[in-house]
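See below for the structure under consideration.
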Amino acid sequence: MLTVSNLSKSYGSITALQSLNFSIKKNQVYALLGPNGSGKSTTLGILLTTLKASDGDVTWSSKSKIGALLEKPCFYQYLSARDNLRITCKIKNTSEDNINWALNIVGLYPRAQDKVRTYSMGMKQRLGIAAAIVNKPDLLILDEPTNGLDPQGIAEVRAVIKDLHNKGVSIILASHLLSEVQQLCTHLCILKQGTVVFEGSFDSLTHQKVHKIEIGSSNLKELENKLQELDYVFKIVKDPNQAFLRIEFSLDRSMEDISNHLNQIGIMLNHLRVQEFDLEAHYLKLIDQ
Ligand SMILES: Nc1ncnc2c1ncn2[C@@H]1O[C@H](COP(=O)(O)OP(=O)(O)O)[C@@H](O)[C@H]1O
Ligand SMILES: [Mg+2]
């Protein structure tokens with residue numbers, strides 16, 4: 001759908017983006033993930049042409065109809081949701097035929113006649129999404145869509161995004177929340193101070209390049225010595241409380257290979273466990289915080 005190449009942006013002396021490269025395909029939920037100030041909103045602004053890049057290109061491979069919600073939505077408080085969406089349609093110069101469809105998707109159809117001032121924050125945010133999709137876009141761009149919402153509001157907005165994705169809308173969303181991105185995205189770009197530190201599918205982010213296990217015996221020093229002799233064991237670290245070793249070894253070997261070998265040379269194991277992948281620790285390492 002689009003390719004970003006060598007995209008850079010400076011605000012005066014502040015460098016917000018440094019030579020970004022990534023590409024987004026149709027039907028992805030693509031997340032820009034990174035801490036505050038890492039350049040997410042700047043990137044979205046350039047995609048939407050509200051900001052001008054200092055260098056680099058955005059190439060659209062197909063012409064997309066775009067809907068966007070970049071900031072807190074702003075509505076006439078004393079008008080109903082429906083009347084607000086009518087105004088949105090006039091501003092966007094789009095037909096009013098999709099208003100009911102949009103209200104239904106965001107779950108506000110039953111409350112459409114109520115004045116917006118009676119709405120909760122979560123409902124206002126969902127009305128913002130309704131306004132963004134009232135032109136039936138095939139690409140929806142959202143900047144921090146759940147910011148400031150309570151857990152229920154967050155869950156409702158997330159459900160709306162999932163529903164739109166299931167209906168064939170491609171999504172680009174910026175978020176500083178790993179948990180949100182984890183629950184929604186298929187692909188992501190992790191930004192750190194305006195540079196890409198990871199780009200690809202969510203699965204490839206969590207895919208380990210080595211096996212990681214915990215392994216222990218009554219004589220850890222002897223165990224460590226024997227493991228060091230194995231060329232497919234890359235890393236051996238003593239657990240801080242000394243109860244076991246954490247080791248990394250080649251993906252073309254299995255846990256059984258190691259335990260069988262140790263059994264054969266007479267070492268009895270008292271602890272053997274796969275180390276679960278720690279997504280949060282991995283993310284924090286990537287953004288170095
Ligand atoms: N209008 C602006 N003028 C000057 N600096 C800006 C402006 N907008 C953003 N920045 C700076 O650019 C960097 C990236 O900001 P931004 O894209 O808003 O990050 P994010 O959305 O990831 O929080 C930050 O250092 C921010 O202070
Ligand atoms: Mg931002």
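As the structure lists them, so they are numbered: ligands from 1, and atoms in each ligand from 1.
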> Any N/O of Ile14 closer than 3.5 Å to an N/O of ligand 1?
Replying inline: no

> Does at least one non-hydrogen atom of Gly194 fall below 4.0 angstrom from an atom of ligand 1?
Replying inline: no

>> Taking the basic N atoms (NZ, or NE/NH1/NH2) and the acidic carboxylate oxygens, is any pair closer than 4.0 Å for Arg126 and Glu156?
In response: yes

>> Are Asp57 and Asn6 packed together at the side-chain level, in the sense that at least one heavy-atom pair is separated by less than 4.5 angstrom?
In response: no

> So which protein heavy atom does atom 18 (O) of ligand 1 come closest to, and at what separation?
Replying inline: Ser41 CB, 3.8 Å

>> If the cut-off is 4.0 Å to any non-hydrogen atom of Asn36, which atoms of ligand 1 fall inside it?
In response: 23 (O)

> Can you tell me which residue and heavy atom of the protein come closest to atom 9 (C) of ligand 1, and the distance to 0.1 Å?
Replying inline: Tyr11 CE1, 3.3 Å

> Got Tyr30 and Leu173 here, is their nearest side-chain heavy-atom distance under 4.5 Å?
Replying inline: no

> What do you reckon, does Gly37 have a nitrogen or oxygen under 3.5 Å from a nitrogen or oxygen of ligand 1?
Replying inline: yes

> Of all the atoms in Ser41, is at least one N, O or S atom closer to the Mg ion (ligand 2) than 2.8 Å?
Replying inline: yes

>> Would you say atom 27 (O) of ligand 1 makes contact with the protein, given that contact here means a non-hydrogen protein atom less than 4.0 Å away?
In response: no

>> With a 4.0 Å cut-off on N to O distance, would you call Glu276 and Lys212 a salt bridge?
In response: no

>> Give the atom numbers and elements of ligand 1 that come within less than 4.0 Å of a heavy atom of Thr42.
In response: 14 (C), 15 (O), 16 (P), 17 (O)

>> Starting from atom 19 (O) of ligand 1, what is the nearest protein heavy atom, named by residue and atom, and what distance separates them?
In response: Gly39 N, 3.1 Å

> Just wondering, more than 12 heavy atoms not from Phe277 lying within 6.0 Å of its CZ?
Replying inline: yes

> Near Ser38, which atoms of ligand 1 are under 4.0 Å from a heavy atom of that residue?
Replying inline: 19 (O), 20 (P), 22 (O)

>> Does the structure place the NZ or CZ of Lys285 under 6.0 Å from the centre of the six-membered ring of Tyr283, at an angle of no more than 45° from the ring's axis?
In response: no

>> If only side-chain N and O atoms count, and only distance matters, is there a donor-acceptor pair under 3.5 Å linking Glu214 with His271?
In response: yes

>> What I want to find out is whether Arg246 reaches Asp239 closely enough, with some N-O distance under 4.0 Å, to be called a salt bridge.
In response: yes

>> Heavy-atom pairs closer than 4.0 Å: do any link ligand 1 to the side chain of Pro35, the backbone, both, or neither?
In response: backbone

